[in-house]
Amino acid sequence: MTAPSLDTLLTWIRTESPTHDAAGVNLMMDLVVAQMQDAPVAVERVKGEQGLGDALILRAGPRTDEPAILVMSHLDTVHPVGTIEQDLPLRIEGDRLYGPGIYDMKGGAWFCLEAFKDVARRGAAARPMVFLVTPDEEIGSPMTGPIIEDFGRRAAYALVTEPARDGGQIVTARKGVGRFDVHVEGRPSHAGSRHKEGRNAIYEAARQILAIEAMTDYAKGITTTVGMVSGGTAMNTIPQHCRFPVDLRVETLADGEAVTAAILGLKPADPDFKVTITGGMNRPPYERSEGTARLFDHARSLAAEIGFDLVTAPQVGGGSDGNFTAALNVPTLDGLGIDGDGAHTLQEYGLISSIAPRQKLMTRLLETLR
Ligand SMILES: [Zn+2]
């Protein structure tokens, strides 16, 4: 890897792009368009919706009707603008490159786009190639989910440039993610003079939370989390309202359906309360299929030729856009991005030494996946 190319990556990190800052995300998209300028790559820009930034669809390789190799990167981050000023300054310490979004996932997006461009230039792709660059992964891909599924249905393989796990492991299975909102309505009343007439929404919500948390089953890999609660208006008032979200993680589609039904079916313990629940599965589970296992074996042999051992991580808890393609039964490899640590934290870094071999691996995948 040469020094000028690392400069480009540093520019990417300086361009802060939290999901809800459409202008920042669009600056990132501009950088990708510039990166592809002199390459035989067709660039289609999809205008952002719902206040989000734009998406890019890059096409290259042989112009045939064969199912394509689909590569996916997101350029939004979880870090608010200004993080780079104080909390997570851009810096290099030994092999570690620190900065907002370097690990999740600008590092991997950048070098995989370089690999894509290089393969396009040399006309070396084994199949048509499509690279989706998205603005909204960190909030569950509300805008690009349907686009991903559309391309996924026509893809032979999906390669996702999310960060590598501990020591460069890649990902071949992820849990599915569900999101719910629960609203409990009771009856307000004065806590002193009319206690008996009140119906405390927080009390009822607490009962519901116990029931929801009890759906966690570690042996089956099912977890439910109530991570926030809001309710009440004053210390001396029996609260009328209480609201909380629920985060659900499951390993299988069947568990996702069963727990979703259980959550949506919760009833108040006392008919004086009203419990309203909305939501459902956001990303289906990414289960390791036979096709994915074969794709992994192929990637592993390519890595061995390059000189490193590719290992697959146990099924990870976080969802990604790979969940969409895996659910469509498209062999999917994830975690092909940069190695490092600290995703979504102020200690986020990427390992510079991991870029060259992993860029080579993406190059070889694009050249050899038939
Ligand atoms: Zn990510």
Side-chain angles (χ1 to χ4, degrees), residues 69-74 95 102-116 119 126 129 131-132 134 137 148 152 155-177 221 251 283-344 348-369:
I69 305 173
L70 177 63
V71 191
M72 295 190 284
S73 297
H74 69 84
D95 192 28
I102 171 65
Y103 178 60
D104 186 8
M105 62 141 77
K106 289 184 181 178
W110 172 72
F111 71 69
C112 290
L113 281 159
E114 284 294 303
F116 180 84
V119 172
M129 304 188 291
F131 204 130
L132 284 183
T134 61
E137 193 275 342
I148 292 165
Y157 303 97
L159 306 174
V160 190
T161 73
E162 290 286 354
R165 299 289 157 145
D166 311 320
Q169 296 177 79
I170 62 166
V171 175
T172 54
R174 285 182 184 271
K175 287 189 176 183
V177 186
E251 286 182 3
R283 287 193 179 102
Y286 163 6
E287 300 177 57
R288 188 172 307 146
S289 67
E290 247 175 70
T292 293
R294 270 199 300 275
L295 176 56
F296 171 72
D297 288 343
H298 178 69
R300 189 170 194 198
S301 66
L302 295 175
E305 285 169 23
I306 297 163
F308 68 103
D309 188 19
L310 196 65
V311 176
T312 178
Q315 186 175 43
V316 297
S320 90
D321 286 335
N323 289 52
F324 291 121
T325 54
L328 294 168
N329 216 14
V330 179
T332 300
L333 280 191
D334 198 348
L336 289 164
I338 197 167
D339 196 3
D341 206 354
H344 298 197
E348 179 173 0
Y349 68 86
L351 292 172
I352 297 168
S353 62
S354 74
I355 295 176
R358 298 178 83 86
Q359 180 171 335
K360 180 83 187 161
L361 176 61
M362 177 57 69
T363 302
R364 293 294 293 139
L365 284 165
L366 295 173
E367 287 174 345
T368 61
L369 283 177

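The heavy-atom pair separating P285 from E251 by the smallest distance is CB-O, 3.4 Å. Considering all non-hydrogen atoms of both residues, F324 and P284 come closest at CD2-CD, 4.3 Å. Contact between G322 and V160 at its shortest, heavy atoms only, is CA-CG2, 3.8 Å. Here the shortest heavy-atom pairing between P314 and Q169 reads CD-OE1, 4.1 Å. Shown here for L302 and L361, the closest heavy-atom pair between the two residues is CB-CD1, 3.9 Å. Of all non-hydrogen atoms in V171 and Y286, the two that sit nearest each other are O-OH, 3.2 Å.
A salt bridge is absent between D339 and R358; no separation between the charged side-chain nitrogens and carboxylate oxygens falls under 4.0 Å. Under the 4.0 Å criterion applied to side-chain N and carboxylate O atoms, E305 and K360 are not assigned as salt-bridge partners. Looking at D309 and R300, a side-chain N of the basic residue comes within less than 4.0 Å of a carboxylate O on the acidic one, giving a salt bridge.
Atom OG1 of T312 and atom CZ of R165 lie 11.0 Å apart (nearest 0.5 Å). Rounding to the nearest 0.5 Å places CG of L310 at 8.0 Å from CG of L333. Note: S301 OG to F296 CZ = 10.0 Å, rounded to the nearest 0.5 Å. Put simply, CD on E162 and OG on S73 are 8.5 Å apart, with the number rounded to the nearest 0.5 Å. Taking CG of L351 as the reference point, atom OH of Y349 lies at 5.5 Å (rounded to 0.5 Å). Atom CG in L328 sits 11.5 Å away from atom OG in S289 (nearest 0.5 Å).
I306 is listed as a side-chain neighbour of F308, based on a closest heavy-atom distance under 4.5 Å. In this structure the side chain of M72 never reaches within 4.5 angstrom of the side chain of D334, judged on heavy atoms. Residues I102 and E348 have side chains in contact (heavy-atom distance under 4.5 Å, counting atoms from C-beta outward). Taking the side chain as every heavy atom from C-beta outward, S320 and E137 approach each other to under 4.5 Å. Two residues are said to be in side-chain contact when any heavy atoms from C-beta on lie closer than 4.5 Å; M129 and L366 meet this criterion.
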L365 vs L336, test: side-chain contact (heavy atoms from CB on, under 4.5 Å). Steps then yes/no. CA-CA 11 Å; L365 284 165; L336 289 164; 4.2 Å; yes

Please report the C-alpha distance between K175 and V316 in whole Å, then the side-chain angles of each, then the deciding distance to 0.1 Å, and finally whether the side-chain contact (heavy atoms from CB on, under 4.5 Å) criterion is met. CA-CA 6 Å; K175 287 189 176 183; V316 297; over 6 Å; no

CA sep, side-chain torsions, deciding dist, call: R283, R174, side-chain contact (heavy atoms from CB on, under 4.5 Å): CA-CA 10 Å; R283 287 193 179 102; R174 285 182 184 271; over 6 Å; no

Run the side-chain contact (heavy atoms from CB on, under 4.5 Å) test on L159 and L70 for me, step by step, so that the C-alpha distance in whole Å, both residues' side-chain angles and the decisive distance to 0.1 Å come before the verdict. CA-CA 6 Å; L159 306 174; L70 177 63; over 6 Å; no

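Here the side chain of Y103 pairs a donor or acceptor atom with the backbone of A164 at under 3.5 angstrom.
Side chain to side chain, T292 and T172 fail the donor-acceptor criterion of an N or O pair below 3.5 Å. The closest side-chain donor-acceptor pair between H74 and D321, if any, does not fall under 3.5 angstrom. With hydrogens and angles left out, the side-chain atoms of T332 and T325 include a donor and acceptor closer than 3.5 Å.
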